[in-house]
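Residue numbering restarts at 1 for every chain, and letters A, B, ... go by the order of the sequence lines.
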2 protein chains.
Amino acid sequence: MKDPLSDLVGYALRRASSAMMEDMAKRMGALGLRTSEASVLMLIRANPGITQSDLCRALGIQRANMAPLIARMEARKLVARSRSDGRSFGLAVTEAGEELAASARRVSDEQDSGLLAIVPPEHRAHLLPALSALWRADQSSSGQ
Amino acid sequence: MKDPLSDLVGYALRRASSAMMEDMAKRMGALGLRTSEASVLMLIRANPGITQSDLCRALGIQRANMAPLIARMEARKLVARSRSDGRSFGLAVTEAGEELAASARRVSDEQDSGLLAIVPPEHRAHLLPALSALWRADQSSSGQ
DNA sequence: TATTGTTATACTCTATAACTATA
DNA sequence: TATAGTTATAGAGTATAACAATA
């Protein structure tokens with residue numbers, strides 16, 4: 001069968017990302033986390049006191065979608081909120097959240113090692129710089 | 001702000017793919033196509049007589065989701081179906097479909113050039129081989 | 001006026017289960 | 001038994017609009 005798509009970087013990018021995300025969903029699911037929850041948890045852990053809006057800007061998530069996500073994690077006592085000003089909350093991980101965030105980080109690192117192991121050695125060091133350039137150059141992610 | 005995710009290949013892969021797909025959706029939308037429809041159209045064009053199931057295996061789409069997609073494109077007279085055996089149809093692009101497929105291919109090539117232009121020159125040639133290795137190595141895509 | 005958090009809502013993509021007709 | 005196509009359905013991700021409270 002002819003495959004007119006296999007020489008397209010964009011197509012390979014989508015397929016690689018889908019495969020990786022499916023694998024990641026399985027790994028984080030084993031911890032009781034969605035992938036979005038895992039990234040949020042890791043980012044709060046690294047930035048205690050961060051607000052929901054700052055999280056949204058960092059992760060490219062809409063505020064409207066962050067609200068129920070944080071609510072779920074607060075209900076599970078993984079994250080605690082404290083008023084920072086009248087509008088916003090400062091977020092921090094609880095003890096349970098700290099443990100889970102550490103596990104999520106470990107899982108992420110494991111997956112990353114696995115991904116890099118699949119990439120032929122001569123291409124390996126180029127992947128992260130190339131991908132970082134692609135998403136940092138994106139215009140649409142800057143506006144909310 | 002600390003960013004514990006930016007050194008993860010998996011995270012960069014997801015962000016780069018999201019940005020690319022958003023851009024692609026805009027470009028294909030201008031042609032009246034969804035991204036999935038565009039890829040299907042290009043693949044049928046390159047493989048006249050292909051069945052829906054073969055398309056599904058090539059593109060990693062579920063049969064259940066292919067049915068309404070093909071139905072839409074048949075209703076728009078972009079694709080024609082003819083019985084190949086009692087179970088399956090052979091698919092082919094119509095004249096209108098051929099034109100639209102050519103436009104979709106042009107749009108894809110344009111985007112790809114733009115993507116590669118963003119990647120620093122020393123990393124450029126490594127991107128497609130690295131991504132191809134990643135999604136071709138994926139286990140879950142082989143089973144339907 | 002702009003920002004934060006929230007609710008409601010809708011659209012797309014994707015996945016599974018169940019069914020029929022055929023090989 | 002396995003495969004092709006179909007339908008119904010549900011989950012997840014994501015987007016916009018509108019609102020109240022606050023800066």
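- Between I61(B) atom CD1 and dA4(D) atom P the separation is 16 Å, expressed in whole Å.
- Regarding L55(B), its CG atom lies at a distance of 18 Å from the P atom of dT3(D), rounded to whole Å.
- Checked against side-chain hydrogen bond (donor to acceptor under 3.5 Å, both in side chains), D85(A) has the following partners two or more places apart in sequence or in another chain: S88(A).
- Side-chain contact between R72(A) and R34(A) is present, with at least one heavy-atom pair separated by less than 4.5 Å.
- OP1 and OP2 of dT3(D) both lie 4.0 Å or more from every side-chain N or O belonging to Q52(B).
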Got a list of protein N/O to nucleotides 21-23 of chain C N/O distances below 3.5 Å?
{"residue": "dA23(C)", "atom": "OP1", "partner": "G86(B)", "partner atom": "N", "Å": "2.9"}

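- Within the structure, ring pair (Phe, Tyr, Trp, His ring centres under 6.0 Å) pairs that include any residue of residues 59-83 of chain B do not occur (at least two apart or interchain).
- Considering only side-chain N and O atoms, Q62(A) lies under 4.0 angstrom from the phosphate OP1 or OP2 of dA15(D).
- Residue I70(A) contributes atom CD1, which lies 13 Å from atom C1' of dT4(C) at whole-angstrom precision.
- Not counting sequence neighbours, the partners of H123(A) by the side-chain hydrogen bond (donor to acceptor under 3.5 Å, both in side chains) test are H126(B).
- Between E22(B) atom CD and dA15(D) atom C1' there is a gap of 10 Å when expressed in whole angstrom units.
- For E37(A) and dT14(D), the CD to P distance is 13 Å, given to the nearest whole Å.
- Rounded to an integer number of Å, the gap from L59(A) CG to dT14(D) P is 10 Å.
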Tabulate protein N/O versus nucleotide N/O from nucleotides 7-13 of chain D, keeping only pairs under 3.5 Å, one per line.
{"residue": "dG13(D)", "atom": "OP2", "partner": "R34(A)", "partner atom": "NH1", "Å": "3.3"}

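- Here N47(B) pairs with nothing under the side-chain hydrogen bond (donor to acceptor under 3.5 Å, both in side chains) rule; sequence neighbours left out.
- An OP1 or OP2 oxygen of dA4(D) is reached within less than 4.0 angstrom by a side-chain nitrogen or oxygen of S53(B).
- In this structure, the nucleotide among dG5(D), dT16(D), dG5(C) sitting nearest to the side chain of R81(B) is dG5(D).
- Under the salt bridge (charged side-chain N to carboxylate O under 4.0 Å, His left out) criterion, R27(A) pairs with D23(A), sequence neighbours left out.
- Residues R15(A) and L5(A) form no side-chain contact, since every pair of their non-hydrogen atoms from C-beta on lies 4.5 Å or further apart.
- Sorted by first and then second residue, the pairs that involve residues 101-118 of chain B and meet salt bridge (charged side-chain N to carboxylate O under 4.0 Å, His left out), not counting sequence neighbours, are D7(A)-R105(B), R105(B)-D109(B).
- Across the protein-nucleic acid pair, M21(A) atom CE and dC13(C) atom C1' stand 13 Å apart, rounded to whole Å.
- Taking atom CZ of R57(B) as the reference point, atom P of dT3(D) lies 8 Å away to the nearest angstrom.
- For the OP1/OP2 pair of dA23(D) and a distance below 4.0 Å, the side-chain nitrogens and oxygens of R83(A) include no atom meeting the criterion.
- With sequence neighbours left out, R81(B) forms a side-chain contact (heavy atoms from CB on, under 4.5 Å) with Q52(B), I70(B), E74(B), F89(B), L91(B).
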